Protein chains: 2
Amino acid sequence: MQTTPLTQQLAAQIADYIRAERLGEGERLVERRLGDLFRVSRSPVRAALKLLEQSGIARPGDGGGYVIARLDAETFRALDHVPSYDDDQIYLDIADDRVSGNLPDRITENELLRRYKLTRGRLTHILRRMANEGWIERLPGHGWEFLPVLTSLQAYEDSYRFRLLIEPAAILEPGFVLNRPALEHCRDQQQWLVDGAIFEVSNARLFELNSGLHETIIECSRNSFFIDALKRIDRLRRLIDYRQMLERDSARHRCREHLELIDLLLAGKRFEAAEFMKKHLEELSTLKVRARSRRPGEPSAEPATSRSVSA
Amino acid sequence: MQTTPLTQQLAAQIADYIRAERLGEGERLVERRLGDLFRVSRSPVRAALKLLEQSGIARPGDGGGYVIARLDAETFRALDHVPSYDDDQIYLDIADDRVSGNLPDRITENELLRRYKLTRGRLTHILRRMANEGWIERLPGHGWEFLPVLTSLQAYEDSYRFRLLIEPAAILEPGFVLNRPALEHCRDQQQWLVDGAIFEVSNARLFELNSGLHETIIECSRNSFFIDALKRIDRLRRLIDYRQMLERDSARHRCREHLELIDLLLAGKRFEAAEFMKKHLEELSTLKVRARSRRPGEPSAEPATSRSVSA
DNA sequence: ATTGGTTTTTTGTCGCGTTAAAATGCCTTA
DNA sequence: TAAGGCATTTTAACGCGACAAAAAACCAAT
């Protein structure tokens with residue numbers, strides 16, 4: 001039996017689907033329908049179903065095929081963490097090495113190939129992704145050059161001024177429609193954080209939950225330009241914010257604000273919500289600036305915060 | 001002698017550089033310095049210099065190397081149009097075929113390979129580019145799917161509301177610094193259009209000049225998030241706006257507005273400029289909406305605008 | 001008509017050799 | 001010491017074949 005990335009991903013998606021749709025034991029898992037739903041052919045669906053059988057989520061049905069087995073929370077947990085693409089880890093490794101100064105400003109593809117033991121295709125994928133996110137650039141001839149986007153404080157302030165503009169405006173978009181279930185899901189998560197989980201979750205997870213909330217809100221605007229713009233910023237932020245130790249007390253304060261914000265939205269008070277979002281982001285921005293108050297060129301006044309960024 | 005794309009591009013860049021820096025006859029064109037400037041090694045610079053010799057812009061200097069020859073406008077014109085990458089044309093062809101309905105919603109890479117006679121590498125480049133611009137998407141398994149971003153009127157209105165937000169705000173950014181030479185260059189171009197050239201230039205060129213102006217302005221904000229956001233929108237717009245016959249009288253009106261806008265900026269009246277930009281975009285938005293008042297699904301009421309573009 | 005099972009076709013990734021072109025290093029000269 | 005000339009090394013795109021996996025077509029059963 002083969003378990004390819006696609007198969008694993010599909011299995012996780014199907015599990016999510018079962019949970020989201022509240023499907024009960026004994027219901028058929030129809031191959032064709034699942035294939036249509038997730039835009040793949042039946043082949044990977046079959047493999048995914050076999051995988052789900054092994055996890056105990058599905059069992060063979062009468063007359064072939066699979067039906068849903070039992071559904072305790074424990075069973076799901078096994079598939080909970082979406083198996084991130086192998087590439088994603090290497091991508092983060094490169095970002096890591098870059099931010100911590102292990103990679104020079106300019107580098108060739110072959111050098112990266114050697115360092116990270118990749119195939120050419122994979123590396124090309126990763127490089128293009130980084131280029132799209134705007135922190136590496138192809139040189140006219142051979143090689144690539146890292147851009148200073150991530151490392152400068154200036155970029156941070158810039159990104160917050162941009163968010164300050166678009167996020168409140170998105171809430172006031174004419175096409176804005178609340179996605180209640182998604183928002184309520186976010187509220188549960190934020191409540192969970194406030195109730196103490198915040199001191200236990202990883203940086204990565206915390207970042208994911210918070211940016212996920214902001215993205216859920218902006219998605220309600222149903223204007224892809226707002227949505228894409230924020231998502232692009234978040235992909236960039238992820239690379240930095242992952243790494244710095246987030247201060248949990250102020251993070252908790254932010255989560256409380258998130259809860260307020262969600263409640264305003266759920267109550268239909270869009271205008272107030274937009275105002276609140278503005279204030280929330282303004283606070284966030286000053287927080288960040290205070291935390292990393294080093295000018296790009298200037299020597300650091302606070303050695304504790306100045307991690308060497310580039311060789 | 002080899003003339004690769006890089007060589008040609010370099011030659012054009014060097015020519016531009018000579019013009020921009022007002023370098024005179026007899027000045028040395030130092031290989032190393034040019035290489036550093038354009039971030040390439042000496043090899044392609046040498047090839048480019050040979051090319052410039054053929055064009056009559058450079059001539060061999062005493063003791064080797066090249067110096068600037070004579071500099072009449074006629075000589076430059078030969079190198080004026082930057083040789084666009086081969087890929088760009090195919091990219092536009094695909095967009096063309098897509099917009100005019102010659103390509104199905106889903107398609108495999110091999111099918112595209114056959115249709116457009118590309119190598120795998122090239123196609124991968126193009127597909128990734130389209131994916132980044134947000135109008136095609138990789139399916140989980142095999143194949144790609146075109147997204148409806150481009151074709152819907154809704155997306156148009158969305159994009160204009162987004163621009164209406166960011167473009168005036170960009171002018172008011174704290175880091176805003178006028179790029180006088182660039183703006184004056186734009187003013188010359190706009191004046192040239194208003195003076196009658198507008199009835200002669202191609203759609204493509206008109207689009208390029210106008211979006212170039214808007215991008216020049218937003219670049220003065222020196223906030224990469226504003227800049228990137230607008231550039232992304234423009235890349236999308238290009239695909240559509242290329243194709244529809246632009247109405248020259250209202251286009252001329254827009255150019256007149258552009259001139260006013262530039263004058264406000266050059267006079268340092270940023271606040272007024274931002275206000276003017278807002279009004280300008282509002283007008284533009286209503287224009288567009290009126291011009292393409294066809295719902296995505298509905299049959300076209302104006303057959304004149306649906307030109308079959310490619311076989 | 002749906003569904004599952006099976007087979008066939010197609011796809012797209014990987015590995016590897018080849019090669020033009022870009023980068024680099026060395027030498028000479030002014 | 002800064003420049004060009006020249007030779008050498010390195011790079012990355014291309015082409016091709018192999019192979020696993022996904023898509024598609026076909027069949028049988030209910």
Side-chain angles (χ1 to χ4, degrees), chain A residues 1-10 28-36 38-50 58 60-67 85-87 106-114 117-125 127 138-144, chain B residues 1-10 28-36 38-50 58 60-67 85-87 106-114 118-125 127 138-145:
Chain A
M1 126 114 45
Q2 319 282 10
T3 92
T4 66
L6 177 57
T7 304
Q8 291 171 32
Q9 190 190 322
L10 254 182
R28 284 212 92 81
L29 294 167
V30 179
E31 290 180 3
R32 254 175 262 263
R33 213 171 298 157
L34 290 171
D36 288 346
F38 299 114
R39 308 194 297 178
V40 294
S41 71
R42 282 172 54 208
S43 311
V45 172
R46 309 199 88 217
L49 287 175
K50 274 192 189 158
D62 321 332
Y66 288 97
V67 298
Y85 299 93
D86 323 0
D87 288 355
R106 289 190 183 183
I107 196 162
T108 78
E109 290 188 14
N110 282 359
E111 177 60 25
L112 289 168
L113 238 47
R114 265 176 249 129
K117 305 214 169 53
L118 293 156
T119 64
R120 209 172 212 99
R122 278 203 186 317
L123 178 64
T124 314
H125 273 53
L127 283 173
R138 182 113 216 231
L139 291 170
H142 286 168
W144 297 74
Chain B
M1 127 113 46
Q2 318 283 11
T3 93
T4 67
L6 177 57
T7 305
Q8 292 171 32
Q9 191 190 319
L10 254 183
R28 282 211 93 78
L29 293 166
V30 180
E31 289 180 3
R32 253 177 264 263
R33 214 172 296 156
L34 291 171
D36 289 345
F38 299 114
R39 307 194 299 175
V40 293
S41 71
R42 283 171 55 208
S43 312
V45 172
R46 310 198 88 216
L49 288 175
K50 273 192 190 158
D62 321 331
Y66 289 97
V67 298
Y85 298 93
D86 324 359
D87 288 353
R106 288 190 183 183
I107 196 162
T108 74
E109 291 191 13
N110 282 357
E111 177 61 25
L112 288 168
L113 237 48
R114 262 175 252 129
L118 293 156
T119 64
R120 247 241 146 58
R122 278 203 186 320
L123 178 64
T124 313
H125 272 53
L127 283 173
R138 180 108 218 240
L139 290 171
H142 289 168
W144 296 75
E145 182 171 271

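All chains are named by letter (A, B, ...) in the order of the sequence lines, taking the proteins before the strands, and each is independently numbered beginning at 1. Small disclaimer: the values here were computed from a predicted structure and weren't measured.
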> Counting side-chain heavy atoms from C-beta on, which of C:dG5, D:dG4, D:dA22 comes nearest to A:Glu31?
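Closest of the options to the side chain of A:Glu31: C:dG5.
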
> Please report, rounded to the nearest Å, how far the C1' atom of D:dT9 is from the NE2 atom of A:His142.
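Spelled out: NE2 on A:His142 to C1' on D:dT9 is 12 Å.
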
> Considering heavy-atom distances to DNA chain C, does A:Pro140 or A:Arg46 have its closest nucleotide positioned more toward the 5' end?
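Looking at DNA chain C, the more 5' nearest nucleotide goes with A:Arg46.
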
> Name the closest nucleotide to the B:Arg114 side chain, picking from C:dT11, D:dT11, C:dT3.
C:dT11

> Could you state the interatomic distance from CG (B:Asp62) to CZ (B:Arg28), rounded to the nearest 0.5 Å?
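Answer rounded to 0.5 Å: 7.5 Å.
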
> Rounding to a whole Å, what distance do you find between B:Arg122:CZ and D:dA12:P?
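Checked: the CZ to P distance equals 17 Å.
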
> Can you find a donor-acceptor N/O pair under 3.5 angstrom joining the side chain of B:Arg138 to the base of C:dG12?
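No, the side chain and the base share no sub-3.5 Å donor-acceptor pair.
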
> Measure CG/B:Asn110 against P/C:dT10 and give the value in whole Å, please.
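Nearest whole value for this atom pair: 10 Å.
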
> If you look at every strand shown and take non-hydrogen atoms under 4.0 Å, does B:Arg120 touch a base, only sugar-phosphate, or nothing?
base

> To the nearest angstrom, how far is A:Trp144 atom CH2 from C:dA23 atom P?
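For the pair A:Trp144 CH2 and C:dA23 P, the rounded distance is 14 Å.
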
> Quick check for you: to the nearest 0.5 Å, what is the distance between A:Leu139 atom CG and B:Leu6 atom CG?
10.5 Å

> By nearest heavy atom, map A:Thr108 and B:Gly64 onto DNA chain D; which one lands nearer the 5' end?
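That would be B:Gly64.
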
> Does a nitrogen or oxygen in the side chain of A:Arg28 sit under 4.0 Å from OP1 or OP2 of C:dT2?
no

> Using a heavy-atom cut-off of 4.0 Å across all strands, would you classify A:Gly143 as base, sugar-phosphate, or nothing?
sugar-phosphate

> Over the length of the helix from C:dA1-D:dT30 to C:dA30-D:dT1, how much do the five-pair end axes diverge, rounded to 10 degrees?
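Between the axes fitted at each end of the helix from C:dA1-D:dT30 to C:dA30-D:dT1 lies an angle of 40°.
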
> What is the distance, to the nearest angstrom, from the CG atom on B:Leu29 to the C1' atom on D:dG4?
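In whole Å, D:dG4 C1' lies 13 Å from B:Leu29 CG.
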
> Would one find a side-chain N or O of A:Thr4 under 4.0 angstrom from OP1 or OP2 of D:dA22?
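For D:dA22, OP1 or OP2 has a side-chain N or O of A:Thr4 closer than 4.0 Å.
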
> Between the base of C:dG5 and the side chain of A:Arg42, is there a donor-acceptor distance below 3.5 Å?
yes

> Which distance, rounded to the nearest 0.5 Å, do you find between the CH2 of A:Trp144 and the OG1 of A:Thr108?
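Between A:Trp144 CH2 and A:Thr108 OG1, I get 11.5 Å after rounding to 0.5 Å.
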
> Atom CZ of B:Arg32 to atom C1' of C:dT29: distance rounded to whole Å?
13 Å

> For a quick check, tell me whether the side chain of B:Ser43 and the base of C:dA23 share a donor-acceptor pair closer than 3.5 Å.
yes

> A quick test of your reading: do over 12 heavy atoms of other residues, nucleotides or ligands sit less than 6.0 Å from CZ of A:Arg33?
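Atom CZ in A:Arg33 is not crowded, with 12 or fewer foreign heavy atoms closer than 6.0 Å.
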
> With sequence neighbours left out, write down each residue that passes salt bridge (Lys or Arg N to Asp or Glu O under 4.0 Å) with B:Arg138, or none if nothing qualifies.
none

> Tell me whether A:Thr7 contacts the main-chain N or O of A:Thr3 through its side chain, where contact means a donor paired with an acceptor under 3.5 Å.
no

> Need to verify one output field. Residue with the more 5' nearest nucleotide on DNA chain C, B:Glu111 or A:Thr119?
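Taking each residue's closest nucleotide, the earlier one in sequence belongs to B:Glu111.
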
> Please report the interatomic distance CG(B:Leu29) to CG(B:Leu34), rounded to the nearest 0.5 Å.
6.0 Å

> Taking the nucleotide of DNA chain D with the nearest heavy atom to each, does B:Tyr66 or A:Leu6 sit closer to the 5' end?
B:Tyr66

> What's the CG-P distance between A:Leu113 and D:dA13, to the nearest Å?
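So the CG-P distance, A:Leu113 to D:dA13, works out to 11 Å.
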
> Check the distance between D:dT1's P and B:Arg33's CZ and give it to me in whole angstrom.
16 Å

> For C:dA23, take OP1 and OP2 only and decide whether either is under 4.0 Å from a side-chain N or O of B:Ser41.
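Yes, such a contact exists.
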
> Can you tell me how far apart CD (A:Glu111) and CG (A:Leu123) are? Round to the nearest 0.5 Å.
11.0 Å

